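All chains are named by letter (A, B, ...) in the order of the sequence lines, taking the proteins before the strands, and each is independently numbered beginning at 1. As the structure is a prediction and not an experimental result, all values here were calculated from the model.
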There are 2 protein chains.
Amino acid sequence: MQGQRCATTRGGRAEISSPPTIRQVAEAAGVSPATVSRVLHGTRPVHPDLRARTLTAAQQLNYRANRVAQALRTRSTGTVGMVVPNVANPFFPVVIQAVENELRRHGVHLLLCDSGDDVREEAELVRSLLDHRIDGILFSPCDRLSSQSAVRLAAGRVPLVQIDRQAVSDVAYVGVDQEAAMSEVIEHLIAEGCRRFAYVSSTSRASTAAERLRAYRRAVKVVHARSAERVYQGTFSLDWGRAAAQRIVDEGDLPDAIVCANDSVALGVLDVLRSKGLRVPEEVLLTGFDDTELASIAWPPLTSVRQPLEMIGRKGAELVLGSGAVPGKSVNLFKAELKIRESSRRRA
Amino acid sequence: MQGQRCATTRGGRAEISSPPTIRQVAEAAGVSPATVSRVLHGTRPVHPDLRARTLTAAQQLNYRANRVAQALRTRSTGTVGMVVPNVANPFFPVVIQAVENELRRHGVHLLLCDSGDDVREEAELVRSLLDHRIDGILFSPCDRLSSQSAVRLAAGRVPLVQIDRQAVSDVAYVGVDQEAAMSEVIEHLIAEGCRRFAYVSSTSRASTAAERLRAYRRAVKVVHARSAERVYQGTFSLDWGRAAAQRIVDEGDLPDAIVCANDSVALGVLDVLRSKGLRVPEEVLLTGFDDTELASIAWPPLTSVRQPLEMIGRKGAELVLGSGAVPGKSVNLFKAELKIRESSRRRA
DNA sequence: ATGAAAGCGCTAACAC
DNA sequence: GTGTTAGCGCTTTCAT
């Protein structure tokens, strides 16, 4: 609506609003811009009188420093970038929220990017964020292999911490110990008497998916070698869960337990089992992963793995800001919590 | 890791890496910085030879413009701010994702802020975003009254569009017609034979909550005046749903249908009804709102209202960018879709 | 303790 | 067409 420009206007006409500059504050206060800056930042001592005049003028003009100019000069934008594979994946919103909160406690803003699980896009995003001179970056690399170059590129320029997913081992990382968590799931199922398993997951190339799968294989091999190969990979969706369950049932060889790499998939499986008249947990036990709201609301309630999302986000933010992200490595592995619910409890 | 500074170094020592400046490209190509800029932006015609040399030099040095400097000069940062009350509310991630995608198609980044449903924080965030000279702002005001000043402040400085929630009527807005949606819910229930209702909602001061409530009252009044007053307000959570259901049951006066302002609440209600042995939909019909994944997964599947989230996000982004946000007003009301499922279907 | 001046990296006016 | 110059708004030497 309003004109945006202004400048000092040689003529002498009235200006149209435009945020006041430090210069204008200086003039109003009868001091130099440098003094204003010093007062506002407490960088160096300033005479009480000038200080007072400056403060008054600043307040009167409602002065607020232009962060862009500040950034150019100080080489710090007060922003941090975050790149995640899929904002709509219920795992991330909570992490994002925690990150944003922690950043803001330090006066830093979050530049959020969704890579859409696409390595090319992801790399592009990282480059673009660097162009914007973000002060750091939180990166959830979508591909544990192909994302490596992007991670390295960015890590060479700004503090970087990998979050949830890891592509490069000597760059800071924060997430949960996926293998420990999945092992715990299997141990629990074995304790419930299960011996034959099937694993429903996605073809995701994320490090987390790989770790969970590895743990699954390692853990089931002990009790039934062939179960280690009974793996169904599709996408992290209800529909894939349904499709996988269909296949499992069709094969006419129902395992004792179906282990899922994620809650959505598990609920898809559950849906089909129910429609086939196969009861959970009576005929087959079922587990999910992530412990989204879905898990507790399902019927029967779904055993799942709860990750400390807020903690991951907060710690990630702390690391980028404090540059605990700079040195060789720095791994912050949290422990997930197995939430045992009816879907995996054998009736006594 | 690496040193960040460099500058032209009067001594003549080798520099440590630091992104190349336009000046360095110019020198390498034997042209002026202005020419480089012109080549890179195609702002004005440049002789093919110089053009080629420039391009080569830029590529060789791997030159990428410093967006901060660019922003200072051009008064455009290539960023848009977004303020939402609660990132973890399953409604927002999808909208955010759509916004981010649309922005990126235009080379614009998203500065995401979570106000935590706090008007003070919200105002602070808006001011801070303005300091960062964002090119526009997408605002989901948490309070239809107290958020007005923040909306007005920001709208006076940059293109602003209210998203989902509206505080100021003469500022651009995009969302769904809440009243129409809620009316449709009630009409459906009436058609199913319901006459006596209860409404479970939150004390939220968001415009959407007010609109849904108003529509509920208006619609039920027609068939049963007292139902218009049977309103339970708490928070948008499973627990509040449980608490509200408990109260409703305790009152010993079960309505024909319990209408909920959101899916989480509805599932909380469902949970308690089930534990009390009250069957849905046989003894009481139930509806939610938002049609999150929860709704379709619940048992029985929950009738809910699906909002075109991606469309809202995309349109919001389009508006800020195209500054369809500038003039007096501009309201983009989408229509929600009633998803009728078992929870509100009377057995024939 | 304070001001003048330089300059962050870029683009746009203005000359040629 | 192209280079030179000025300047976006700020912070920070460097003198005083």
Euclidean distance, atom CZ of residue Arg53(A) to atom C1' of dG3(C) [Å, nearest integer] | 13 Å

Starting at atom CD of Glu27(B), determine the distance to atom P of dC10(C), rounded to an integer number of angstrom.
-> 12 Å

Close residues, residues 54-73 of chain A, relative to DNA chain C [heavy-atom separation under 4.0 Å] | Leu72(A), Arg73(A)

side-chain hydrogen bond (donor to acceptor under 3.5 Å, both in side chains) partners of residues 96-111 of chain A, not counting sequence neighbours, each pair once = Gln97(A)-Asn86(B), Gln97(A)-Asp114(B), Glu100(A)-Arg104(A), Glu102(A)-Arg105(A), Glu102(A)-His106(A), Arg104(A)-Glu121(B), His109(A)-Ser128(B)

Would you say Ser37(A) reaches dT11(D)'s phosphate, i.e. side-chain N/O to OP1/OP2 under 4.0 Å?
-> yes

Ignoring the backbone of His47(A), work out which of dT2(C), dT2(D), dG3(D) is nearest its side chain.
-> dT2(C)

Round to a whole Å and report the spacing from NE2 of His132(A) to C1' of dC10(C).
-> 14 Å

End-to-end axis angle, where each axis spans five pairs of the helix from dA1(C)-dT16(D) to dC16(C)-dG1(D), to 10° = 50°

Could you list, one pair per line, each protein nitrogen or oxygen that sits under 3.5 Å from a nitrogen or oxygen of nucleotides 13-16 of chain C, together with the distance?
residue, atom, partner, partner atom, Å
dA13(C), N6, Arg38(B), NH1, 3.4

Given that Arg133(B) and Pro33(B) both sit by DNA chain D, which one's nearest nucleotide is further toward the 5' end?
-> Pro33(B)

OP1 or OP2 of dG3(D) less than 4.0 angstrom from a side-chain nitrogen or oxygen of Ser32(B), does that happen here?
-> yes

Go through dT2(C), dG9(D), dT2(D) for me and flag the one nearest to the Arg75(B) side chain.
-> dG9(D)

Set of salt bridge (Lys or Arg N to Asp or Glu O under 4.0 Å) partners for Asp131(B), sequence neighbours left out = Arg64(A)

Sequence neighbours left out, what pairs pass side-chain hydrogen bond (donor to acceptor under 3.5 Å, both in side chains) with at least one residue falling in residues 39-56 of chain B?
-> His41(B)-Gln70(B)

Side chains of Arg133(B) and Pro19(A): does their closest heavy-atom pair fall under 4.5 Å?
-> yes

